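Below is one structure, written out as structure tokens, with a few remarks after it.
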Amino acid sequence: MRALGLILSFVRVSFQEEAAYQSNFFIHVFYSLLNLVTGVVGLSILFSQVQQVNGWDFSATLALLGVYLTVSALRSLFIAPGLEALAGMDGEIWSGRFDFTLLRPLNIQFLVSLRKWRLFSLFDLLLGWGVLGAALVEMRFALSLGQAAIFLLALFSGLLVLYAILLGFTGLVFWSPDVLFTWLFDGLFQMARYPLAMYPGWLRWVLTWIVPVGMITSFPADALRGALSLQALLAGLGLSALLFLAASLLFRQGLRRYASASS
Amino acid sequence: MSATSPSRSAVFSMLQLRGGWALVRGLWLSWLQYRSFFFLLAFGWMIPPLIAMLVWMAAAGDGSLQGLNRANLAAYYLALILVNQVTYAQTNWTVGDLIRTGELNRVLLRPIPPLYDALASEFAGKVVYLVFDLPVVAVLAMILRPEMHWTLPGLLAFLPALVFAWALRFLWGYWLALLAFWTTRADALLGLQDTLVFLLAGQVAPLALLPPTMQYIAHLLPFRYMLAFPVEVLSGQMDTRQMFTGFAMQLAWLLFSALLTLLCWRLGVRRYTAVGG
Amino acid sequence: MTQSLINVHNLTKTYRVPVRPAGLWAAARSLLHPTYEDVPAVRQVSFSIQPGEMVGLIGPNGAGKTTMLKMLCGLLHPSAGEASVAGFIPWQRQPAYLRSISMLMGNKSQMLWDIPPLDSLRVLGEIYAVPPVELRRKLDELIELLEMQELLNKPVRNLSLGERMKCELAGGLLYSPQVLFLDEPTLGLDVSMQIRLRRYLAECNQRTGVTVLLTSHYMADVMALCRRVILIHHGQVLYDGELNGLAHKMAPFKLLRVTLRVEDFQGQALPADLPNGVELIEQQAGILTLRAPRALAAAATACLLQSLPVADLSVEDPAIEAVIDQVYQAGAV
């Protein structure tokens with residue numbers, strides 16, 4: 001209960017910070033729209049030349065883009081800002097202000113993950129949902145309650161994987177503070193714009209087993225197409241829980257290392 | 001010991017050149033320290049064309065699209081990745097900062113023309129980024145087996161096309177960035193330029209694969225001549241007449257952006273020094 | 001007998017630092033075969049601090065002061081030794097412990113940048129689980145004490161360094177910690193702000209009894225606030241006790257300043273019967289400064305008065321800064 005109250009005050013304070021710069025909102029909207037346009041136009045151009053690519057047609061790929069935009073939005077909403085403040089450029093570790101965070105009587109992982117909210121990303125979330133909706137219309141697909149539930153669970157599983165990977169990369173900063181690992185993730189995450197099926201076999205393998213970026217978008221998108229079996233869903237949920245635990249352990253190890261090695 | 005003493009103006013220009021070279025070396029030394037930072041940047045820039053390549057290759061499958069098969073597409077995009085790196089003007093993003101923070105004063109005080117700063121940065125940076133890009137592209141080439149049909153005119157015309165492409169992309173971004181003299185939102189215009197380059201300069205798709213209206217617009221606007229044109233020249237897709245028209249368009253846009261840059265610079269500096277930096 | 005609040009016993013911290021040589025070849029070699037060297041930062045340090053004390057931790061750069069503070073805050077694990085603060089072991093980082101201490105670092109701010117300080121303070125109150133009524137009361141008290149009324153609604157980025165430091169102090173005290181650790185709190189502040197900050201700290205200590213351990217380069221801070229100092233050099237305690245005792249122990253001499261009646265004292269030889277061990281350290285426009293061991297000060301004074309045309313003579317203790325400076329340079333007692 002206290003955790004919830006704390007999160008609410010983090011949200012409130014983050015909004016105050018964001019609102020301090022009014023122009024930021026319009027710039028944010030501008031870039032979000034650019035992002036949307038490039039995504040949709042890219043898909044249109046692709047499918048003006050072919051009907052389908054490796055089993056994915058325009059509407060299915062559009063649905064995947066919708067999932068990608070939704071997940072991206074959620075990532076910018078609350079997962080990434082806190083972690084970026086720790087490990088990103090000009091972050092606490094770079095500037096030596098991490099000690100303040102360490103002094104708080106709270107679980108550091110909880111604090112670092114949930115302390116910063118970028119509410120402007122709610123706009124991106126709307127855009128993502130819009131694209132999803134448009135894709136569903138294209139597919140002439142009416143989601144039954146059960147299918148919607150499966151989709152939401154798959155989306156949750158994808159988000160957990162996203163968080164785990166980001167947390168893991170953030171943890172790596174404790175070993176190599178000069179390397180901006182989150183940028184590495186940004187690049188790999190871009191690949192999730194398109195279905196894994198479109199990539200060559202070796203890349204598909206990397207994006208499933210080494211950096212499970214594929215699980216983040218292809219998995220929920222498969223659920224939307226009705227191509228996700230119950231077993232696959234359960235396996236996915238199990239895997240994402242495992243990744244979450246592994247990332248948390250890595251982060252904790254990193255903290256311990258920071259406490260014994262830093263000056 | 002000295003047979004003839006060089007004339008004063010020759011010495012001065014030598015100094016200017018050395019100043020520029022010193023800038024470059026200084027940049028290299030400090031950047032070598034932060035290798036991973038710059039390699040990650042290069043990595044990030046490589047991803048969109050990489051994704052486009054893989055997707056188009058999958059779309060082409062065993063056949064071909066508008067005469068381009070998988071191997072052609074691979075070759076096209078691998079070349080595009082390198083050309084993109086060479087022509088991408090990363091320094092344009094810093095111009096706005098210089099103006100906003102007032103650091104422009106420092107640059108204006110130097111005996112070296114302010115443009116040298118940017119040029120040195122461009123040159124030094126691209127070398128560092130290419131150190132990352134070239135091995136990656138080489139490895140990808142080995143995996144993907146690209147095929148490109150080279151012709152002699154194409155090969156000869158490639159280097160000039162590349163240089164003009166860089167100059168155009170640099171100057172076009174520069175005058176946009178100089179709008180920072182008048183507005184704080186100039187960076188957004190650079191972002192817009194990147195998007196237009198992405199859509200209309202052969203990144204999201206080779207121009208031949210664009211819908212006809214888009215293709216037509218793309219041939220008129222400057223963006224194609226910043227990126228796609230050198231790649232198309234290299235790939236031998238064009239006949240002499242097309243190359244000729246292409247160069248003409250490229251140079252016309254280049255001239256236009258040079259004039260715009262000069263204009264913005266003159267007006268901007270006047271306003272900047274009048275307002276008091 | 002009061003139980004000491006802070007107890008440190010043989011605390012040691014040694015860093016394993018990778019050796020990074022210059023030159024391309026050496027760098028390549030170190031990549032494949034990394035070597036480390038042990039850098040001792042804190043060596044077998046022991047001391048105790050009673051509740052309510054204000055203690056200064058002084059020493060030259062790199063002496064180990066900040067490392068010491070960080071270990072006591074639980075930010076660093078020691079290599080050896082024990083410590084207990086308010087009954088907790090710091091590096092176990094128990095939430096109850098973290099709620100009972102506070103650390104402020106000069107020139108580093110924990111306030112959120114773009115919003116008024118009041119909002120940051122409220123969030124801190126939530127993080128430290130201060131009940132709302134108590135938070136309100138404490139904030140009012142601190143705002144009044146620190147004279148922060150005009151600052152409350154300006155974004156922190158518009159405040160001067162001194163004003164920001166006041167906000168930091170408020171943030172550090174609003175959950176009523178038992179111990180306040182200060183790392184160079186007056187760094188970068190102008191003189192009047194330094195004086196005010198010292199006054200605030202002294203008042204807080206008096207009103208709430210918070211125990212204060214501070215490090216500082218400015219002797220004025222230590223002299224104004226701390227009766228007791230711990231002098232650290234090369235990671236070891238060189239002196240632990242009253243500040244004025246430091247001069248007695250470290251520099252057992254007195255300074256004799258002689259103003260001569262005659263303006264043209266052309267470096268005449270000093271009186272021949274001046275006791276051995278008395279030396280002239282400065283001579284300027286008819287004012288001589290001599291240094292004499294304490295035991296010989298009286299004799300030297302008498303000798304000077306007899307043999308020289310003295311207009312004025314004063315016997316002083318050496319400036320504390322000079323003493324400390326000498327200790328830093330000598331590196332030993």
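To find a chain, count down the sequence lines: A is the first, B the second, and so on, and within it residues start at 1. Values in this document were obtained by computation on a predicted structure and should not be read as measured data.
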Chain A contact via C/Ser109 - side chain, backbone, both or neither, heavy atoms under 4.5 Å: backbone
Return the option, out of C/Arg122, C/Arg16, C/Arg93, C/Gln94, with the maximum number of heavy-atom pairs under 4.5 Å with chain A. C/Arg93
Is chain C contacted by the side chain of A/Ile108, its backbone, both, or neither, given a heavy-atom distance below 4.5 Å? side chain
Step-by-step salt bridge (Lys or Arg N to Asp or Glu O under 4.0 Å) determination, C/Glu134 to C/Arg137: CA-CA 5 Å; C/Glu134 166 75 19; C/Arg137 186 189 69 81; 3.1 Å; yes
Once the angle between the rings of A/Phe25 and A/Phe123 is folded into 0 to 90°, is it parallel (under 30°), tilted (30 to 60°) or perpendicular (over 60°)? perpendicular
Most chain A-contacting option - heavy-atom pairs closer than 4.5 Å, from C/Leu112, C/Ile115, C/Ile127, C/Val123: C/Ile127
Chain C: which of A/Leu255, A/Leu102, A/Leu111 shares the most heavy-atom pairs with it under 4.5 Å? A/Leu102
Closer than 4.0 angstrom, basic N to acidic O: yes or no for A/Glu84 and A/Lys116? no
Of the listed A/Thr101, A/Leu106, A/Asn107, the one with the largest count of heavy-atom pairs under 4.5 Å with chain C is A/Leu106
With a 4.0 Å cut-off, would you call A/Asp124 and A/Arg75 a salt bridge? no
Could you go through the side-chain contact (heavy atoms from CB on, under 4.5 Å) check for C/Lys70 and C/Trp91 one step at a time? CA-CA 9 Å; C/Lys70 285 200 185 177; C/Trp91 42 92; over 6 Å; no
Taking every non-hydrogen pair under 4.5 Å, which of A/Arg2, A/Arg12, A/Arg97 racks up the most with chain C? A/Arg2
Parallel, tilted or perpendicular, as decided by the 30° and 60° cut-offs, for the rings of A/Phe98 and A/Tyr258: perpendicular
C/Ala129, part contacting chain A, at a heavy-atom distance under 4.5 Å: both
